[in-house]
Every structure is written in C-alpha cells, then in structure tokens.
Amino acid sequence: MSTPQTERSPLWYRLDRLRSSFAGSAVLGLLAIAALLGLWEWLATLYNVPLWLVPKPSNFLGRLVSDWQMIGGHAIATSITIVEGFALGVLIAVPLALAIAAIPALERGLYPVIVFLNIMPKTVIGPILIVWFGIGPLVAALIVFLMCFFPILVDAMSGFKAVDKRLFYISRTMGANEWQSFWKFRLPAAMPHIFSGMKIGVVKAVEGVIVAEFIASNRGLGFMVMQASAFMDISLMFAGLVAAAIVALFFNGAMSVAERVLMPWSRAGH
C-alpha cells in the first residue's frame, strides 16, 4: 500500500524543497509581492483612482528608477544610521546581559530601571535628545539604539541564564578558566537567544530609524518622505516607503545569513 510520501511526484518534491530553502522563500515572497502590486495596478486603473490620493505601483516604482540617485543616497544614510544604532545596541546589551545574569544583585537593582526607560515613548525622548545634541544623524542613531536595545538585552539574559550549571563544574574540573568556559560553551549556548533578540531588534531598528528621521534628522528616507509630504508628492512618498521596506528586507536577510554563518550547528538540527 502506497503512502502519501511515495505518491508525491518528483516535481512536487522539487517544489517542496524550493519552498523550504532560503532562495525559494525569497522567490515565493517576490512572486507574492508582484501579484499584490499587479492587483493594485489593475484596481487603480479600473476605478480611475486619482494620483494625488493613491498612486499606481507604476507611478511610485517609476520614481525609484527616475530618482534613484536621490533615493539611493537617502537609503544609504538610513542604512548607516541603522548599523550605528544597532551595533551600539548589541555591543552594550550583550555584555550587560551577561553581567546581569551573573550578578543577581545587579539584576534586582538595574533591570527595573532599564524596563522603566524602555516603557518611555521614544517620540518623547527624541525632542530631549534634539535639545542636547541638535538635529542630525547622531540623534537618529541614539533613537535606533533605544529601540533595539531592550529586546536584545532580554533575550541575551534568557540565553545566558539557560546554560546548564553543571557545565561550569565540569569545565572547572577539566582545568578551564572563566574565559575558556565562556567562549567554549556559555556563549554558543546563548547564541540562539541572542540572535532571536537581534532579529527582533533589527526590525525595531528599521521602525525606529524612520520615526527618528521624521523628527531628528536632516537626511535619510524618513526625512525624504517628510519633505515629499510637504510638497504633496505622493508618488515620492510611496517610493520612499518601498525603499524603506527594501532596506528592512536587506537587514533581515543579513541577520539570517549571519545566523547561518555563526551558528552552523543550527542547520544540522543539533
């Protein structure tokens, strides 16, 4: 008696493998986006929607081509701000998470303060930072840092706390010092949690950089969208949003690649 596994055709098997692969997921995502844009274009043409209300995809995608130098320059500025704020968040959050996980008194005293600061709306902190540092990329990078810092910290703390205590005793009996124990098993054991927080953090970073550029920057995609709204250039506004989505997809893909490279054992199912 045949089973559903044996009844599957070779074509279906190849499609299933394509769907489960990284490249296959990207292709399917692009096809879904293309279908959505095609439906949008058709409905906008069918109902003759005015350009000033909702532009057609051909309008704002055309702006990506015609104004690629301006949009690309702002996209690069946004990407640099994301890298600066996100890198600062990782460099501070991960060591701080290790210290909080290792010192219970530090967790009781410092962690509630961090939670309180995270609850504060970043749009309220933004004007304060402008008063201190002025309008510029520094304030935008600091807002990005505040957006991504907390999820990285929380997940890194969970990862460092999840390490089996018996491993420390075993490593000591084998003559390993603190640094060797950290490098050989504590950090690798916590890395899945750290990357989980970093994936959430990079999404928050992209969200935060657009908001930051609305209020505290003189360059970037958020600044470009605000300028376009002042001139009622709706197609350029949508082009800026598409460019921001492309930047977000790039950083999300980069994070997935970094996870695969730095945690090869995760692909083996260990």
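As the structure is a computational prediction, the values presented were derived from the model and not from experiment.
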Using ring-ring contact (aromatic ring centres under 6.0 Å, His included), reason through Trp42 and Tyr47 one step at a time and then give a plain yes or no. CA-CA 9 Å; Trp42 177 71; Tyr47 292 101; 7.7 Å; no

Does the pair Leu110 and Leu96 meet the rule for a side-chain contact (heavy atoms from CB on, under 4.5 Å), with working shown? CA-CA 10 Å; Leu110 185 59; Leu96 183 60; 3.7 Å; yes

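- Separating the CD1 atom in Ile194 from the CG atom in Leu153 is a distance of 11.0 Å, to the nearest 0.5 Å.
- Within the 4.5 Å cutoff, side-chain heavy atoms of Ile114 are placed close to those of Ile100.
- Residues Phe60 and Ile234 fail the side-chain proximity criterion, which asks for heavy atoms closer than 4.5 Å.
- Side-chain contact between Leu61 and Leu64 is present, with at least one heavy-atom pair separated by less than 4.5 Å.
- Taking Val206 as the reference, Ile82, Ala248 meet the side chain to side chain contact (heavy atoms under 4.5 Å, CB included) condition, with sequence neighbours excluded.
- Among pairs with a residue in residues 127-146, none fulfils salt bridge (Lys or Arg N to Asp or Glu O under 4.0 Å), at least two apart in sequence or across chains.
- Note: Met263 CE to Met191 CE = 5.5 Å, rounded to the nearest 0.5 Å.
- When the side chains of ILVMFWY residues are joined at heavy-atom separations under 4.5 Å, either directly or via intervening members, Val115 and Ile103 end up in a single hydrophobic cluster.
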Verdict with reasoning, Ile215 to Val139, per side-chain contact (heavy atoms from CB on, under 4.5 Å): CA-CA 9 Å; Ile215 62 175; Val139 174; over 6 Å; no

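- Legend: salt bridge (Lys or Arg N to Asp or Glu O under 4.0 Å) pairs involving residues 233-247, not counting sequence neighbours, sorted by first then second residue: Arg63-Asp233.
- The shortest side-chain heavy-atom distance between Ile92 and Phe145 falls under the 4.5 Å cut-off.
- With contacts defined as side-chain heavy-atom distances shorter than 4.5 Å, the pair Phe160/Val94 qualifies.
- Atom CG of Leu138 is separated from atom CG of Leu129 by 8.5 Å, given to the nearest 0.5 angstrom.
- Rounding to the nearest 0.5 Å gives a distance of 11.5 Å between CD1 of Ile130 and CG of Leu142.
- Side-chain contact between Val211 and Glu207 is absent, with no heavy atoms from C-beta onward closer than 4.5 Å.
- Between Met255 atom CE and Ser196 atom OG the span is 11.5 Å, to the nearest 0.5 Å.
- Phe149 and Val113 fall within a single hydrophobic cluster, where Ile, Leu, Val, Met, Phe, Trp and Tyr side chains are chained together by heavy-atom contacts under 4.5 Å.
- The number of heavy atoms from other shown groups lying within 6.0 Å of NZ (Lys56) is above 12.
- With a 4.5 Å cut-off between side-chain heavy atoms of Ile, Leu, Val, Met, Phe, Trp and Tyr, the cluster of Ile76 takes in Ile80.
- Counting only residues at least two apart or in different chains, ring-ring contact (aromatic ring centres under 6.0 Å, His included) contacts with residues 63-88 are absent.
- For Ala228 against Met237, the heavy-atom pair with the smallest separation is CB-CG, 3.5 Å.
- Val247 is not listed as a side-chain neighbour of Phe250, based on a closest heavy-atom distance of 4.5 Å or more.
- Under a hydrophobic clustering in which Ile, Leu, Val, Met, Phe, Trp and Tyr are joined whenever their side-chain heavy atoms come within less than 4.5 Å, directly or via other members, Val203 and Val242 fall into the same cluster.
- Note on Val154 and Leu91: separate hydrophobic clusters, where clusters join Ile, Leu, Val, Met, Phe, Trp and Tyr whose side-chain heavy atoms are under 4.5 Å apart, directly or indirectly.
- A salt bridge is absent between Glu213 and Arg219; no separation between the charged side-chain nitrogens and carboxylate oxygens falls under 4.0 Å.
- Here the side chain of Glu259 pairs no donor or acceptor atom with the backbone of Phe195 at under 3.5 angstrom.
- Within the structure, side chain to side chain donor-acceptor pair (under 3.5 Å) pairs that include any residue of residues 130-158 do not occur (at least two apart or interchain).
- Of all heavy-atom pairs spanning Ala239 and Ile71, the tightest one is CB-CD1, 4.1 Å.
- With hydrogens and angles disregarded, no donor-acceptor distance shorter than 3.5 Å links the side chain of Thr81 to the backbone of Ala140.
- For the pair Phe238 and Asn59, the minimum side-chain heavy-atom distance is 4.5 Å or more.
- Taken to the nearest 0.5 Å, the CG atom of Asn218 stands 13.5 Å off from the CE atom of Met226.
- Cluster membership for Val225 and Met70, using ILVMFWY side-chain heavy atoms within less than 4.5 angstrom, is shared.
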